[in-house]
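The structure appears below as structure tokens.
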Amino acid sequence: MRKLAAGNWKMNGNAAALSEVTALLSAHPDPTCEMLLCPPATLIAQMNWAARNSALRIGGQDCHAKAAGAHTGDISAAMLKDAGATYVILGHSERRADHGESDEEVRTKAEAALDAGLIAIVCVGETELQRDAGQTLAVVGAQLKASVPDAVTAENVVIAYEPVWAIGTGRTPTLDEIAEVHAFLRAELAARIGDQATGVRLLYGGSVKPSNAAEIFALANVDGALVGGASLKAADFGAIVAALSA
Ligand code: PEP
């Protein structure tokens with residue numbers, strides 16, 4: 001399985017920020033791991049052009065469940081693909097919180113992504129209250145079950161475990177806690193799709209940075225990272241790519 005370093009720029013970056021892509025590619029032209037950046041939709045086509053003939057893949061941060069229609073302000077999976085995306089992040093906790101996205105909506109969006117030929121990165125993760133209440137596995141298990149399409153394979157879906165309380169906070173779970181959730185996700189997938197589950201990439205996300213990447217990547221069942229803040233700067237994201245390629 002090829003590991004995946006995925007960066008989520010969220011609502012950050014303009015055309016000038018594409019210099020980070022140039023810097024990243026000149027420092028890491030051919031990493032062992034797969035390298036993905038998901039910029040705001042306004043930059044997808046330009047970033048795709050900046051990354052032409054390179055190892056960098058481009059992704060969206062959300063898509064609509066329908067292929068086209070009267071949905072002002074929304075973007076379909078086919079449009080992302082047309083702009084150069086090969087991946088799309090779905091069900092990020094910021095979208096679940098800001099836009100009230102349910103597991104059911106995330107699943108229909110993921111189905112649309114698969115129909116359009118995109119790889120869906122489906123995010124799951126517990127809040128701090130849920131962790132403190134001992135509900136982490138129940139919460140991520142329910143999200144996994146309801147958000148991931150039945151057509152899931154090792155090729156078309158990536159799962160990102162992102163504890164909500166670790167996103168953008170500088171706090172991370174312990175290594176044992178990350179390993180426990182990833183082992184659980186692998187077992188849940190195996191119960192659903194059998195041997196295929198061993199090939200589904202399970203990313204950890206939540207305050208991954210150059211200083212903690214190597215120890216997280218050394219854990220069993222961690223097949224890469226979904227990185228927010230540290231993906232905005234080529235030096236930081238490049239260091240994470242290097243740790244995953246080691
Ligand atoms: C994210 O946006 O998915 C994320 C994990 O953010 P950060 O790395 O900044 O915590």
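The model shown is predicted, which means the values in this text are computed figures rather than measured ones.
- Side chain of Arg201 to backbone of Leu4: no donor-acceptor contact under 3.5 angstrom is found.
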Step by step, work out the salt bridge (charged side-chain N to carboxylate O under 4.0 Å, His left out) result for Asp115 and Lys81. CA-CA 11 Å; Asp115 285 347; Lys81 173 116 176 158; over 6 Å; no
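- Put simply, the side chain of Ser54 gets close to the backbone of Ala51: a donor and an acceptor are under 3.5 Å apart.
- Between Glu105 and Arg95 no salt bridge is recorded (no basic side-chain N to carboxylate O distance below 4.0 Å).
- Proximity of a side-chain donor or acceptor of Glu180 to a complementary backbone N or O of Glu177 within less than 3.5 Å is not detected.
- A side-chain donor-acceptor contact under 3.5 Å links Arg2 to the backbone of Thr32.
- Annotation: side chain of Ile89 is not in contact with side chain of Asp62 (no heavy-atom distance under 4.5 Å).
- Of the possible polar contacts, none joining the Glu126 side chain to the Pro163 backbone as a donor-acceptor pair under 3.5 Å is found.
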side-chain contact (heavy atoms from CB on, under 4.5 Å) between Ser245 and Cys33, worked out: CA-CA 5 Å; Ser245 298; Cys33 70; 3.5 Å; yes
side-chain contact (heavy atoms from CB on, under 4.5 Å) between Val158 and Val200, intermediate numbers included: CA-CA 6 Å; Val158 174; Val200 176; 5.9 Å; no
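- Residues passing the side chain to side chain donor-acceptor pair (under 3.5 Å) test with Glu155, sequence neighbours excluded: none.
- Between Lys109 and Asp74 there is no salt bridge, since no side-chain N of the basic residue sits under 4.0 Å from a carboxylate O of the acidic one.
- Rounded to the nearest 0.5 angstrom, Ile167 CD1 and Leu226 CG are separated by 8.0 Å.
- Val88 and Leu114 end up in the same hydrophobic cluster when Ile, Leu, Val, Met, Phe, Trp and Tyr side chains are linked at under 4.5 Å.
- Under a cut-off of 6.0 angstrom, the local environment of CG in Asp98 is crowded, with over 12 non-hydrogen atoms contributed by other residues, nucleotides or ligands.
- Ser147 places no side-chain N or O within 3.5 Å of a backbone atom of Leu144 that could act as its donor or acceptor partner.
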Taking it one step at a time, do Asn8 and Val227 satisfy side-chain contact (heavy atoms from CB on, under 4.5 Å)? CA-CA 6 Å; Asn8 172 14; Val227 184; over 6 Å; no
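- Arg192 and Asp150 are joined by a salt bridge, as a carboxylate oxygen and a charged side-chain nitrogen come within less than 4.0 angstrom of each other.
- No side-chain heavy atom of Arg52 sits less than 4.5 Å from a side-chain heavy atom of Asn48.
- With hydrophobic clusters built from ILVMFWY side chains whose heavy atoms lie under 4.5 angstrom apart, Leu202 shares a cluster with Ile240.
- Tyr204 and His182 have tilted rings, their planes meeting at an angle from 30° to 60° on a 0 to 90° scale.
- Counting heavy atoms from C-beta outward, Ile178 and Val222 have side chains that approach closer than 4.5 Å.
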Start with the C-alpha distance between Glu94 and Lys10, add both sets of side-chain angles, then the distance that settles salt bridge (charged side-chain N to carboxylate O under 4.0 Å, His left out), and finish with yes or no. CA-CA 9 Å; Glu94 286 154 15; Lys10 312 191 186 192; 2.8 Å; yes
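- At least one donor-acceptor pair closer than 3.5 Å links the side chain of His64 to the backbone N or O of Lys66.
- Counting only distance, with no hydrogens or angles, the side chain of Trp9 and the backbone of Leu37 share no donor-acceptor pair below 3.5 Å.
- Here the side chains of Leu189 and Ile159 are in contact, with some heavy-atom distance below 4.5 Å.
- Connection of Val21 to Leu232 is established within a shared hydrophobic cluster, with ILVMFWY side chains joined at heavy-atom distances below 4.5 Å, either directly or through further cluster members.
- No side-chain heavy atom of Phe184 sits less than 4.5 Å from a side-chain heavy atom of Asn221.
- Under the 4.0 Å criterion applied to side-chain N and carboxylate O atoms, Asp103 and Arg96 are assigned as salt-bridge partners.
- One N or O on the side chain of Gln61 and one on the backbone of Pro39 form a donor-acceptor pair closer than 3.5 Å.
- When hydrophobic clusters are built by joining Ile, Leu, Val, Met, Phe, Trp and Tyr residues whose side-chain heavy atoms come closer than 4.5 Å, directly or via intermediates, Met47 is not grouped with Leu36.
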Criterion side-chain contact (heavy atoms from CB on, under 4.5 Å) on Ile119 and Val157, from CA distance to verdict: CA-CA 6 Å; Ile119 300 170; Val157 170; 6.0 Å; no
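- Thr127 is linked by a side-chain contact (heavy atoms from CB on, under 4.5 Å) to Leu129, Gln130, Val164, counting only residues two or more places apart in sequence or in another chain.
- Ala239 meets the side-chain contact (heavy atoms from CB on, under 4.5 Å) test with Pro210; sequence neighbours excluded.
- Under the 4.0 Å criterion applied to side-chain N and carboxylate O atoms, Glu111 and Arg107 are assigned as salt-bridge partners.
- The pair Glu34-Lys3 does not count as a salt bridge, with every side-chain nitrogen at least 4.0 angstrom from each carboxylate oxygen.
- Residue Ala120 comes nearest to Ala113 through the heavy atom pair CB-CB, 4.3 Å, listed as atom of the first residue, atom of the second, then distance.
- The shortest heavy-atom contact between Gly91 and Val106 is CA-CG2, 3.6 Å.
- Here salt bridge (Lys or Arg N to Asp or Glu O under 4.0 Å) pairs that include residues 224-242, with residues two or more places apart or in two chains, are Glu20-Lys233.
- Remark: Asn12 engages no residue in a side chain to side chain donor-acceptor pair (under 3.5 Å) (not counting sequence neighbours).
- The main-chain N or O of Ala151 is found under 3.5 Å from a side-chain atom of Asn156 such that the two form a donor-acceptor pair.
- Rounded to the nearest 0.5 Å, atoms SG (Cys38) and CD1 (Ile44) are 8.0 Å apart.
- With sequence neighbours excluded, no residue forms a ring-ring contact (aromatic ring centres under 6.0 Å, His included) with Tyr87.
- In this structure, CG on Leu175 lies 5.0 Å from CG on Leu219, to the nearest 0.5 angstrom.
- Under a hydrophobic clustering in which Ile, Leu, Val, Met, Phe, Trp and Tyr are joined whenever their side-chain heavy atoms come within less than 4.5 Å, directly or via other members, Val148 and Leu90 fall into the same cluster.
- Between Ile75 and Cys63, the closest side-chain pair of non-hydrogen atoms is not below 4.5 Å.
- Here the straight-line distance linking atom CD1 of Ile58 with atom CG of Leu43 works out to 10.0 Å at 0.5 Å rounding.
- The distance from atom CE of Met35 to atom CG of Leu25, rounded to the nearest 0.5 Å, is 5.0 Å.
- Note that the CD atom of Glu162 and the OG atom of Ser207 stand 10.0 Å from one another [nearest 0.5 Å].
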